[in-house]
Participant: 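I'd like to ask some things about the structure below.
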Amino acid sequence: MQYHFREIEKKWQSFWNQNKSYEVKNDFNKPKCYVLDMFPYPSGSGLHVGHPLGYIASDIFARYKKLKGFNVLHPMGFDAFGLPAEQYAIETGQHPSITTEQNINRYKQQLRNIGFCYDTCREVNTSDPHYYKWTQWIFLKLYNSWFNHATQKAEPIESLKTKMIEQNPEWSSVEIENELMKYRLAYRAESYVNWCEALGTVLANDEVINGVSERGGHPVDRKKMSQWFLRITDYADRLLEGLEKVQFPESLKEMQRNWIGKSVGAEMNFEIENSNKKIKVFTTRPDTIFGVSFLVLAPEHELVSELTTSSEKEKIEHYKSYVTSRSERERLAENKKVTGCFTGSYAIHPFTKNKIPIWIAEYVLAGYGTGAIMAVPAGDERDFHFAQHFQLPIPIIFKGQEEQTVNSEKNIELINSDFLNDFNSFDASKMVIQKLEDEGIGKKKINYRMRDAGFSRQRYWGEPFPVYYDENNTPQALLENDLPLLLPFMQSYSAGPNGKGPLANNQEWVNIPQGTRETDTMPGYAGSSWYYLRYMDPHNDKEFCDRTISDYWNQVDVYIGGAEHAVGHLLYSRMWCKVLYDLGYISFDEPYKKLINQGMIQGSSRLMYRIKQSNTFVSSGLKNQYETDEIYVDCNFCDGVQLDIEKFKAWRTDFQNATFILENGKYYCGAQVEKMSKRLYNIVNPDDVIEEFGADTFRMYEMFLGPIEMSKPWDTKGIEGVHRFLKKLWRIFIDEQNGLSISNEKPTNEEFAILHHTIKKVTNDIENFALNTAVSQFMICVNDLQKQQCNKREILEPLLILLTPFAPHICEELWHLMGNTHSILDAKYPEVNEEYLQKNQFTYPIAINGKTRTELNFAVDLPQNEIEQNVLADEVVQKWLEGKSPKKIIFVKGRMINVVI
RNA sequence: GCGGGCGUGGUGAAAUUGGUAGACACGCUAGACUUAGGAUCUAGUGCUUCGCGGCAUGGGGGUUCGAGUCCCUCCGCCCGCACCA
């Protein structure tokens with residue numbers, strides 16, 4: 001009786017399916033565990049072996065927790081709105097809803113093959129009206145809320161509106177609405193988009209390559225448009241603080257902190273000579289105020305033209321056109337080159353009343369801070385280089401500072417700084433801010449690098465905004481009862497007029513009695529910002545999620561996904577969580593308790609070497625004897641690096657008559673590790689691997705490859721080791737000739753020790769997501785049991801339970817063959833019995849001066865002096881002692897012994 | 001430039017608090033069983049040396065009885081951010 005994995009896997013997959021084995025009840029009496037994967041965007045090319053890595057890890061963890069008695073929520077769904085489907089639709093004319101459905105079905109088939117324990121009844125699809133109804137509903141909550149900085153939380157907009165009307169009784173309703181728009185968490189404002197005139201459409205950053213459109217290579221400009229935004233900047237501080245209480249990888253927390261980019265400093269106004277305008281600057285070093293030698297404005301700063309004197313006008317215009325001619329890429333790349341231009345105007349130093357020249361320079365960005373800086377050459381690298389280049393003064397303001405140097409340290413005493421002399425940066429900054437506030441020319445200011453999140457897309461395939469514009473062009477929210485606002489079916493997805501999205505072409509849909517509908521749609525991250533909540537209560541048509549149910553399931557205990565979502569998705573969903581929490585809809589304000597970033601599985605590309613101007617290929621080891629071109633060949637044509645020549649010839653007609661120069665009668669390809677990609681022919685499809693080796697082997701091999709968070713190359717050859725392990729396991733239970741052979745004899749202590757050591761190691765490894773070493777331990781265990789020829793029930797049953805999370809199909813099969821009638825999924829996880837792990841003997845490594853020279857076996861409870869005597873009497877030790885007596889002996893009980901000479 | 005991470009055999013990788021470096025596999029070498037093997041089993045496999053031994057965790061230095069692990073320094077690779085005031 002052989003291990004027929006295909007039959008076994010199909011059989012149990014349909015059994016579990018029919019028996020609804022993976023159905024999860026909202027059973028509040030049991031302890032819960034929520035194990036979540038970042039759901040996939042179902043792309044047209046299907047899954048490759050890299051995608052399921054995290055899914056397998058989470059599946060193992062979920063199954064383990066279930067065996068441990070937890071009620072485990074482990075769902076899967078699809079992030080189904082988005083740009084690629086629309087692009088594909090434009091190219092092929094197929095409606096996105098159709099291709100999306102096809103892709104989802106393919107994904108589901110591929111996932112089903114791997115044997116995940118998803119409760120498929122809870123599946124979500126962000127493009128399903130039953131789902132996006134609630135995305136729209138949450139949008140309305142955002143729209144109808146504001147962030148109260150006094151309480152540091154979101155509150156309904158009504159409270160603000162009432163106050164506003166009281167305070168400004170003369171305002172019209174339109175004026176009130178305009179003012180409220182400055183507070184709403186979802187709001188409209190003007191901003192720039194990538195506009196492509198030739199395509200008549202707005203492009204995503206991805207679609208712009210080197211300043212031209214990816215499709216067609218047309219020029220792309222910045223265009224100002226009115227758009228929806230989320231006021232995520234109001235949550236900046238709470239998003240930062242929240243990082244302290246979640247278990248995310250440090251690198252990821254750091255990325256989020258960088259993205260938020262909080263900096264504390266001061267904002268102050270500089271008066272302008274011969275003008276009543278003021279220049280507002282932001283600085284993190286108010287203490288260096290006496291080192292200011294010039295001001296720099298961004299070339300795009302609104303005061304530039306006003307400040308430019310007639311004598312400088314030509315130069316300034318010239319400089320400005322130079323700056324606009326430079327792409328953002330160029331401005332970033334050449335950061336050594338110093339450029340700038342004097343405006344001709346002067347500002348007045350707030351304390352010394354000295355004249356300070358005002359310059360413009362591309363190194364000051366319009367979008368950061370106030371778009372203007374006070375330049376302190378003594379304390380800032382860039383200001384210093386700028387001053388040197390344009391021969392501006394470099395006042396010395398730090399104790400011990402040489403002339404013509406820059407020092408950006410903060411813990412240094414100030415000189416030549418009037419009332420700040422002898423104070424360090426920290427104290428001086430406080431004093432300056434106090435003085436600025438006293439004199440009404442500045443204040444303490446916290447600045448963030450993070451911008452509010454753009455929430456509009458001029459696209460078809462996304463959630464429509466539940467908003468229309470009335471006769472005053474004021475946005476009006478739909479009533480909750482009118483949700484969902486369905487995305488109308490359209491045959492053409494080309495851009496609408498004036499940069500509007502495709503929906504603008506659908507006049508029937510746009511024009512309603514109350515006004516005109518919003519034609520933008522929501523971005524891809526809308527649906528994914530809250531999907532973890534919907535899994536809890538997926539069929540609720542009264543609410544997005546029942547509060548008692550979300551109270552029970554609560555935070556996601558473990559969230560697994562790629563690091564590419566480190567800032568976008570995770571920050572947005574963290575913000576949405578906080579808003580829902582503030583408004584009282586859920587009871588936690590961080591969605592994910594613990595997060596693991598799985599590494600990428602890279603492809604191992606196969607290369608062939610074609611002799612130049614020929615159709616002859618030379619094997620890798622001989623390629624240096626010829627002049628060759630490298631050709632990528634499909635890695636699936638190879639067994640390891642050995643090419644299947646027939647498959648290769650059949651691949652493309654021009655290779656039919658290829659000839660080969662072989663090594664030992666074989667053609668060996670070169671190998672190269674790089675990203676899995678169609679272009680490099682190094683994609684391995686899990687379906688093929690499962691067909692050849694089975695899902696259990698596939699699951700275990702993915703884990704065996706290495707630590708979950710590390711990137712590593714896929715090597716199909718290595719899978720055979722794991723496959724052999726499962727066959728070996730099978731043979732412990734099943735004799736090829738006689739079938740099942742299980743003994744009910746009492747196991748020996750040695751056999752128990754093997755089992756309990758494995759229970760301990762594997763359990764500990766699963767808790768730590770060290771699944772690669774857990775797989776190793778199973779191999780060690782089975783190797784040991786095989787050596788003992790152990791086929792005893794009392795050992796094998798617990799072993800099967802232990803292994804079920806990794807290889808559910810073979811375990812269920814063997815479990816039933818052993819005579820069990822209930823599913824192994826309902827078994828109880830085995831406990832470690834430490835008694836079996838006690839050793840009374842230990843083989844000590846004996847080191848002389850730290851180098852291991854021999855081993856000696858002692859009873860664990862033998863007194864130290866007796867052990868030492870025995871060690872010194874040992875032949876090998878005697879030899880190394882060369883008659884000398886040891887200086888000392890280091891004895892670590894149960895570890896090692898070191899004799900120091 | 002800044003921040004985070006990493007560097008161990010031919011390959012993927014192991015190594016609790018500093019305590020036998022290379023577990024477990026792949027590959028390779030030999031052998032057994034077989035009509036056959038891409039099945040299975042056995043033995044070997046870091047480098048070096050006939051051997052005793054010596055050398056080995058990116059390089060150099062330090063702390064320690066003892067360092068892959070801790071400290072300093074240099075080099076290389078990966079990821080993220082980048083003229084952020």
Side-chain angles (χ1 to χ4, degrees), chain A residues 2 249-259 261-263 265 281-285 288 296 298 331-339 361-365 367-376 379-383 385-386 447-449 563-564 566-567 597 599-600 604 639-641 671 673 701 704-707 709-722 724-725 727-728 731 736 764 768 770 772-781 783 786 843-855 879 886-892 894-901:
Chain A
Q2 274 191 322
E250 199 45 49
S251 60
L252 188 138
K253 286 188 185 181
E254 207 49 42
M255 275 157 86
Q256 295 203 356
R257 289 192 194 107
N258 286 342
W259 184 263
K262 178 176 181 172
S263 53
V281 304
F282 172 72
T283 178
T284 54
R285 294 292 302 275
T288 62
V296 188
R331 276 175 80 167
L332 296 181
E334 301 169 30
N335 55 13
K336 293 218 166 57
K337 203 165 136 192
V338 180
T339 69
E362 59 178 334
Y363 83 90
V364 174
L365 306 176
Y368 186 77
T370 59
I373 62 157
M374 58 176 223
V376 182
D380 182 282
E381 292 273 348
R382 289 151 307 163
D383 298 347
H385 292 308
F386 195 86
N447 196 40
Y448 299 93
R449 197 184 73 94
E564 66 272 22
V567 282
N597 281 135
M600 226 189 354
S604 181
D639 179 25
V641 289
V673 172
Y701 182 55
F704 185 64
L705 277 174
E709 63 278 359
M710 251 212 267
S711 286
K712 54 243 157 182
W714 176 266
D715 170 21
T716 300
K717 198 76 190 162
I719 201 171
E720 287 168 19
V722 175
R724 273 177 211 143
F725 156 77
K727 284 197 278 191
K728 219 181 266 185
R731 284 197 307 272
E736 296 244 336
N764 200 24
N768 293 310
N772 53 330
T773 48
V775 176
S776 297
Q777 183 56 41
F778 281 120
M779 290 174 168
I780 293 168
C781 176
N783 288 346
Q786 193 186 41
T843 304
Y844 284 90
I846 313 295
I848 314 290
N849 286 339
K851 290 209 172 191
T852 307
R853 296 297 178 185
T854 186
E855 288 179 346
K879 197 194 95 187
K887 279 199 195 123
K888 63 172 153 175
I889 298 175
I890 311 284
F891 173 80
V892 186
R895 278 281 182 198
M896 47 72 67
I897 296 164
N898 188 12
V899 180
V900 184
I901 303 170

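Chain A is the first sequence line, chain B the second, and so forth, proteins listed ahead of strands; every chain is numbered from 1.
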Participant: Can you identify which nucleotide, out of B/C65, B/C83, B/G53, has its nearest atom closest to the A/Tyr363 side chain?
Facilitator: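 The answer is B/C83.
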Participant: Using both distances under 3.5 Å as the test, list the Watson-Crick or G-U wobble partner of B/A32, or none.
Facilitator: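 Pairing partner: B/U40.
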Participant: Quantified in whole Å, what is the C1' atom distance between nucleotide B/U29 and nucleotide B/U16?
Facilitator: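 Comparing C1' positions in B/U29 and B/U16 gives a spacing of 36 Å.
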Participant: Taking syn as any angle within 90 degrees of 0 and anti as the rest, which one fits B/G76?
Facilitator: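 Anti, angle beyond 90° from zero.
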Participant: Across the strands shown, which category fits A/Ile890 at heavy-atom distances under 4.0 angstrom: base, sugar-phosphate, nothing?
Facilitator: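 Contact class for A/Ile890: base.
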Participant: If you pin A/Lys727 and A/Glu254 to their nearest nucleotides in RNA chain B, which one's is more 5'?
Facilitator: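 Checking each residue's closest nucleotide, the 5'-ward one belongs to A/Glu254.
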Participant: Out of B/U40, B/A85, B/C83, which nucleotide sits closest to the side chain of A/Thr284?
Facilitator: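 Nearest to the side chain of A/Thr284 among the choices is B/A85.
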Participant: Just how far, in rounded Å, is C1' of B/C83 from CD1 of A/Ile373?
Facilitator: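 Computing the A/Ile373:CD1 to B/C83:C1' distance gives 10 Å.
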Participant: Suppose you measure atom C1' in B/U69 against the same atom in B/C83; what distance do you get, rounded to whole Å?
Facilitator: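 B/U69 and B/C83 have their C1' atoms separated by 40 Å.
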Participant: Please work out if A/Gln786 contacts a base, only the sugar-phosphate, or nothing of the nucleic acid, heavy-atom cut-off 4.0 Å.
Facilitator: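 The residue A/Gln786 makes sugar-phosphate contact but no base contact.
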Participant: Expressed as a whole number of angstroms, how long is the span from A/Ile889:CD1 to B/G66:C1'?
Facilitator: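 After rounding, the gap between these two atoms is 15 Å.
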Participant: Of the nucleotides B/C65, B/G27, B/C83, which has the atom closest to the A/Lys717 side chain?
Facilitator: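 The nucleotide sitting nearest to the side chain is B/G27.
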Participant: Measuring from the side chain of A/Phe704 (C-beta onward, heavy atoms only), which nucleotide among B/G12, B/C26, B/A85 has the closest atom?
Facilitator: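 Given the options B/G12, B/C26, B/A85, the side chain of A/Phe704 is closest to B/G12.
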Participant: Please name the nucleotide paired to B/G9 by Watson-Crick or G-U wobble geometry with both distances under 3.5 Å, or report none.
Facilitator: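 Pairing partner, where one exists within any strand: none, as none qualifies.
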Participant: Side chain of A/Asp383, backbone of A/Gly379: donor and acceptor closer than 3.5 Å?
Facilitator: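 It does not hold such a pair.
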Participant: Go through B/G27, B/G12, B/C84 for me and flag the one nearest to the A/Leu365 side chain.
Facilitator: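 Nearest nucleotide to the side chain: B/C84.
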Participant: Looking for any heavy atom pair under 4.0 Å, which part of the strands does A/Lys728 touch: base, sugar-phosphate only, or nothing?
Facilitator: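 If one applies the 4.0 Å heavy-atom cut-off, A/Lys728 turns out to touch the sugar-phosphate alone, with no base involved.
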Participant: What does A/Asp639 touch in the nucleic acid at a heavy-atom separation under 4.0 angstrom: a base, only the sugar-phosphate, or nothing?
Facilitator: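 Nothing: the residue A/Asp639, judged by heavy atoms under 4.0 Å, touches no strand.
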Participant: Taking the side chain of A/Lys712 as its heavy atoms from C-beta onward, which of B/A23, B/G80, B/G12 lies nearest to it?
Facilitator: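 Closest of the options to the side chain of A/Lys712: B/G12.
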Participant: Counting only side-chain heavy atoms from C-beta out, which of B/G19, B/A39, B/G53 sits nearest to A/Arg724?
Facilitator: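 So the side chain of A/Arg724 is nearest to B/A39.
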Participant: Measuring only the P atom in each nucleotide, how far is B/A14 from B/C65? A whole number of Å is fine.
Facilitator: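 One P to the other, the span is 32 Å.
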Participant: Of the options B/A14, B/C41, B/A23, whose atoms approach the side-chain atoms of A/Pro707 most closely?
Facilitator: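 Of the candidates, B/A14 comes closest.
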Participant: Any side-chain heavy atom of A/Val899 within less than 4.5 Å of one from A/Pro886?
Facilitator: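 The answer is yes, as the side chains (C-beta and beyond) meet within the 4.5 Å cut-off.
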Participant: Paired with B/G19 by Watson-Crick or G-U wobble geometry, both distances under 3.5 Å: which nucleotide is it?
Facilitator: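 Base partner found: B/C65.
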Participant: Taking only the P atom of each, what is the distance from B/G58 to B/G10 in whole angstrom?
Facilitator: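 So the two P atoms sit 13 Å from each other.
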Participant: Mind checking if A/Lys887 touches a base, just sugar-phosphate, or nothing, with heavy atoms under 4.0 Å?
Facilitator: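 A/Lys887: no heavy atom of the nucleic acid under 4.0 Å.
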Participant: Please evaluate the base of B/U17 for a donor-acceptor partner in the side chain of A/Arg895 within a cut-off of under 3.5 Å?
Facilitator: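 By the distance-only test, yes, there is a pair.
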Participant: Taking atom C1' of B/C78 as reference, at what distance in whole Å does atom CE of A/Met710 sit?
Facilitator: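 Rounded to the whole Å, the gap is 12 Å.
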Participant: A/Arg731 has a side chain; which of B/C65, B/C41, B/A23 sits nearest to it?
Facilitator: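 Out of B/C65, B/C41, B/A23, the nucleotide with an atom closest to A/Arg731's side chain is B/C41.
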Participant: Please give the nucleotide sitting opposite B/G51 as a Watson-Crick or G-U wobble pair, both distances under 3.5 Å, or none.
Facilitator: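 B/G51 is paired with nothing.
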Participant: Could you tell me whether the side chain of A/Asp380 and the main chain of A/Ala375 form a donor-acceptor pair under 3.5 Å?
Facilitator: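 No: the side chain of A/Asp380 does not pair with the backbone of A/Ala375.
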Participant: Send over the distance from A/Asn764 CG to B/U16 C1', rounded to a whole Å.
Facilitator: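 So the two atoms are 9 Å apart, to the nearest Å.
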Participant: Report the distance from atom CG of A/Asn849 to atom C1' of B/U20, rounded to the nearest whole Å.
Facilitator: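 Rounded to the whole Å, the gap is 16 Å.
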Participant: If only side-chain N and O atoms of A/Arg382 are considered, is one of them under 4.0 Å from the OP1 or OP2 phosphate oxygen of B/C84?
Facilitator: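 Yes, because at least one side-chain N or O of A/Arg382 sits under 4.0 Å from OP1 or OP2 of B/C84.
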Participant: Looking only at atom C1', what distance separates B/U49 and B/G12, rounded to whole Å?
Facilitator: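 Going atom to atom, C1' in each nucleotide, I get 30 Å.
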Participant: Taking the side chain of A/Met255 as its heavy atoms from C-beta onward, which of B/G80, B/A85, B/A25 lies nearest to it?
Facilitator: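 Looking only at heavy atoms from C-beta outward on A/Met255, the closest nucleotide is B/G80.
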Participant: In whole Å, I'd like the distance from the OH atom of A/Tyr701 to the P atom of B/U11.
Facilitator: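 Roughly 15 Å, once rounded to whole Å.
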Participant: Which part of the nucleic acid, if any, lies within contact of A/Asn898, taking any heavy atom under 4.0 Å across all strands shown: a base, the sugar-phosphate backbone alone, or nothing?
Facilitator: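 Result for A/Asn898 = base.
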Participant: Among side-chain atoms of A/Glu855 and A/Thr843, is any donor-acceptor pair under 3.5 angstrom?
Facilitator: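 Absent: no donor and acceptor within the cut-off.
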Participant: If you measure from the Lys or Arg side-chain nitrogens to the Asp or Glu carboxylate oxygens, is any gap between A/Arg257 and A/Glu250 under 4.0 Å?
Facilitator: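 A salt bridge is present here (some side-chain N lies under 4.0 Å from a carboxylate O).
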Participant: With sugar-phosphate meaning primed atoms plus P, OP1 and OP2, does A/Glu720 contact a base, only sugar-phosphate, or nothing at under 4.0 Å between heavy atoms?
Facilitator: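 Sugar-phosphate, no base atom in range.
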Participant: Could you tell me how far apart A/Leu705 (CG) and B/A13 (P) are, to the nearest whole angstrom?
Facilitator: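 Going from A/Leu705 (CG) to B/A13 (P), I get 8 Å.
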Participant: Take the angle between the ring planes of A/Tyr368 and A/Phe282 and call it parallel below 30°, perpendicular above 60°, tilted in between.
Facilitator: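 Perpendicular.
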Participant: Can you tell me the pairing partner of B/C83 across any strand shown, Watson-Crick or G-U wobble, with both distances under 3.5 angstrom?
Facilitator: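 WC or wobble partner does not exist here.
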Participant: To the nearest Å, how far apart are A/Arg449 CZ and B/G80 P?
Facilitator: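 Roughly 14 Å, once rounded to whole Å.
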Participant: Any base atoms under 4.0 Å from A/Ser251, or only sugar-phosphate, or nothing? Heavy atoms, all strands.
Facilitator: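 Sugar-phosphate, no base atom in range.
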Participant: Can you say whether the rings of A/Trp714 and A/Tyr701 are parallel (under 30°), tilted (30 to 60°) or perpendicular (over 60°)?
Facilitator: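 Rings of A/Trp714 and A/Tyr701: perpendicular, as their planes differ by over 60°.
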Participant: Name the residue closer to the 5' end of RNA chain B, choosing between A/Gly706 and A/Glu855 according to the nucleotide with the nearest heavy atom.
Facilitator: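 Counting from the 5' end, the first nearest nucleotide belongs to A/Gly706.
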Participant: Expressed as a whole number of Å, how far does the P atom of B/C6 sit from that of B/C72?
Facilitator: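 Rounded to whole Å, the distance is 15 Å.
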Participant: Starting at CZ of A/Arg285, measure out to CD1 of A/Ile373 and round the result to the nearest 0.5 Å.
Facilitator: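 Rounded to the nearest 0.5 Å, the CZ-CD1 separation comes out at 13.5 Å.
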Participant: CG/A/Asn849 to CG/A/Asn898 distance, rounded to the nearest 0.5 angstrom?
Facilitator: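 Reported to 0.5 Å precision, the distance equals 7.0 Å.
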